[in-house]
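Written out below as structure tokens is the structure these notes cover.
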There are 2 protein chains.
Amino acid sequence: MKATSVTSVKPIKHTSSPDCRHVRELLARIGAKWSMIVVTRLATGPMRFSELKRDIGTISQKMLTSTLRELERDGFVTRTVTPTIPPRVDYTLTDLGVDLLGPLEALGEWAVRNQHRVEQARERAREVGV
Amino acid sequence: MKATSVTSVKPIKHTSSPDCRHVRELLARIGAKWSMIVVTRLATGPMRFSELKRDIGTISQKMLTSTLRELERDGFVTRTVTPTIPPRVDYTLTDLGVDLLGPLEALGEWAVRNQHRVEQARERAREVGV
DNA sequence: CCGAATCCCTATAGATACTG
DNA sequence: CAGTATCTATAGGGATTCGG
């Protein structure tokens, strides 16, 4: 590496390389508009499709469907279909999904704590005209 | 709240409400394709534009520019222009940016640790044909 | 030459409307 | 109820141009 020789910043163990890609992919999935809100909603227990939809309110059926499908594919939630009429589909967090809640909430709390700093920066940027 | 009465899952303090929006926005920004790799690159110290570009390798000038601009607007990096010929532009993490490294790395390590679980889930999904 | 702006193009995220 | 089908907006990439 280039080593720009700076000591003021903790040299965090170089998260580039292939690892970084997985992290980025995870962040992209989690950062998708609805992933986090769905995951945290499911943190309180299993919910069915319409329950999630009603609870979140502003999400479209399509986005709820695709978000849940992707979370399912990645192993964060399970999908249980009860083929009655009308059909009933329940979504539950997997162990992996529950495990994710930890670091997710850490980042969430950071965001809440530092939200004003971001706002201030944006305000300043707006004033300067960036 | 609805309280689906489930005790098996830690009842994480309901990260919905307005807060959740900020969290989501932050995750979206951080989850953007190049944000994280840029931030972690800058963790070792200030770098100039071309240095970042060369170091990351696969990023386009356009994306590097816009990523840095957004990170600047949100207060994660500072941009220092030295109007020489040829011009020189240095990027540095702000205190806010440095602070972000903590939770970011936590999530990063989680991703690395659990990456195989996601892979397995995807494999299974592919077999079933989801 | 460096850093960026701009145009153009494609892929995909996301919203609206319809269906079994 | 729980989706699919259809359309639109935006993210992201490549190439070109520009100003110093």
Side-chain angles (χ1 to χ4, degrees), chain A residues 2 4 20-21 24-39 41-42 46-74 77-92 125 128-130, chain B residues 2 20-21 24-38 41-42 46-74 77-92 125 128-130:
Chain A
K2 201 68 161 311
T4 345
C20 192
R21 215 179 115 255
R24 230 201 13 75
E25 279 181 6
L26 177 73
L27 283 170
R29 172 93 29 240
I30 292 304
K33 191 164 181 184
W34 301 106
S35 297
M36 176 173 180
I37 201 169
V38 168
V39 170
R41 274 302 196 295
L42 289 175
M47 294 180 86
R48 51 190 301 189
F49 188 90
S50 52
E51 216 173 344
L52 278 167
K53 171 119 179 55
R54 200 169 349 100
D55 206 27
I56 297 176
T58 53
I59 195 174
S60 62
Q61 306 94 308
K62 192 209 165 179
M63 285 320 294
L64 184 53
T65 302
S66 62
T67 299
L68 285 166
R69 283 289 152 81
E70 283 170 357
L71 289 174
E72 187 195 6
R73 285 188 356 141
D74 288 357
V77 308
T78 50
R79 179 167 176 274
T80 315
V81 182
T82 314
T84 52
I85 297 177
R88 176 197 179 91
V89 182
D90 287 277
Y91 292 92
T92 320
V128 182
V130 178
Chain B
K2 201 67 162 309
C20 193
R21 213 179 118 253
R24 232 202 7 78
E25 278 181 7
L26 175 74
L27 283 169
R29 173 89 35 238
I30 292 304
K33 192 166 180 182
W34 300 105
S35 297
M36 176 172 180
I37 200 168
V38 167
R41 274 300 195 297
L42 290 175
M47 293 180 86
R48 52 188 301 188
F49 187 90
S50 52
E51 217 174 341
L52 278 166
K53 170 120 179 54
R54 201 171 346 101
D55 206 26
I56 297 176
T58 52
I59 195 172
S60 61
Q61 307 96 305
K62 186 196 171 185
M63 286 319 294
L64 184 52
T65 302
S66 63
T67 299
L68 285 167
R69 281 291 152 82
E70 284 170 356
L71 289 174
E72 187 195 5
R73 285 185 357 142
D74 288 356
V77 307
T78 50
R79 179 167 176 274
T80 316
V81 182
T82 314
T84 53
I85 297 176
R88 175 195 178 93
V89 183
D90 287 277
Y91 292 93
T92 320
V128 183
V130 180

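Chain identifiers are assigned alphabetically (A, B, ...) following the order of the sequence lines, protein sequences preceding nucleic acid strands; residue numbering begins at 1 within each chain.
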Any side-chain N or O of [X] less than 4.0 Å from the OP1 or OP2 oxygen of [N]?
X: B/Ser50; N: C/dC2; result: no
X: B/Arg69; N: C/dA5; result: yes
X: A/Tyr91; N: D/dC1; result: no
X: B/Arg48; N: C/dG3; result: yes
X: B/Arg79; N: C/dA4; result: yes
X: A/Arg29; N: C/dA13; result: no

**Item:** B/Asp90/B/Arg88 ion pair, N-O < 4.0 Å
**Value:**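 Looking at B/Arg88 together with B/Asp90, the answer is yes, because their closest N to O distance falls below 4.0 Å.
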**Request:** Please determine, for the side chain of A/Val89, which listed nucleotide (D/dG20, D/dG13, D/dG3) has the closest atom?
**Result:**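 Selected nucleotide (nearest to the side chain): D/dG3.
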**Given D/dT4, C/dA15, D/dG13, the nucleotide with the shortest approach to the side chain of A/Thr65** =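 Taking heavy atoms from C-beta onward, the closest nucleotide is D/dT4.
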To the nearest Å, give me how far apart [atom1] ([X]) and [atom2] ([N]) are.
X: A/Met63; N: C/dA15; atom1: CE; atom2: C1'; result: 9 Å
X: A/Leu68; N: C/dG14; atom1: CG; atom2: C1'; result: 15 Å
X: A/Phe49; N: D/dG3; atom1: CZ; atom2: C1'; result: 6 Å
X: A/Ile56; N: D/dA2; atom1: CD1; atom2: P; result: 13 Å
X: B/Lys53; N: C/dA4; atom1: NZ; atom2: P; result: 12 Å
X: A/Met47; N: D/dC1; atom1: CE; atom2: P; result: 14 Å
X: A/Glu72; N: D/dA2; atom1: CD; atom2: P; result: 15 Å
X: A/Leu64; N: C/dG14; atom1: CG; atom2: P; result: 13 Å

**Asked** When rounded to the nearest 0.5 angstrom, what is the spacing between CG in A/Leu27 and CD1 in B/Ile37?
**Response**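 A/Leu27 atom CG to B/Ile37 atom CD1 measures 12.0 Å (nearest 0.5 Å).
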**Message:** Return whichever of A/Thr58 or A/Pro87 has its heavy-atom-nearest nucleotide of DNA chain C closer to the 5' end.
**Reply:**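 This one resolves to A/Thr58.
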**Asked** Any side-chain heavy-atom pair from A/Asp55 and A/Met47 closer than 4.5 angstrom?
**Response**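 A side-chain contact exists here, since the closest heavy-atom pair is under 4.5 Å.
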**Message:** Looking at every non-hydrogen atom in both residues, tell me the closest pair between B/Arg79 and B/Tyr91 and how far apart they are.
**Reply:**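 Shortest heavy-atom contact: NE-OH, 3.2 Å.
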**Prompt:** How far apart are the closest heavy atoms of A/Trp34 and A/Thr58, and which atoms are they?
**Reply:**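 Scanning both residues, the minimum pair turns out to be CH2-OG1, 3.5 Å.
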**Asked** Can you find an N or O donor on one side and an acceptor on the other, under 3.5 Å apart, linking the side chain of A/Lys33 with the base of C/dG14?
**Response**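 Answer no: no donor N or O sits under 3.5 Å from an acceptor.
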**Prompt:** Does a distance-only test, which skips hydrogens and angles, find a donor-acceptor pair under 3.5 Å between the side chain of A/Gln61 and the base of D/dG3?
**Reply:**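 Side chain to base: pair found, below 3.5 Å.
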**Message:** Using a 4.0 Å heavy-atom cut-off, does B/Pro86 contact any base of the nucleic acid, only the sugar-phosphate backbone, or nothing at all?
**Reply:**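 Touches a base.
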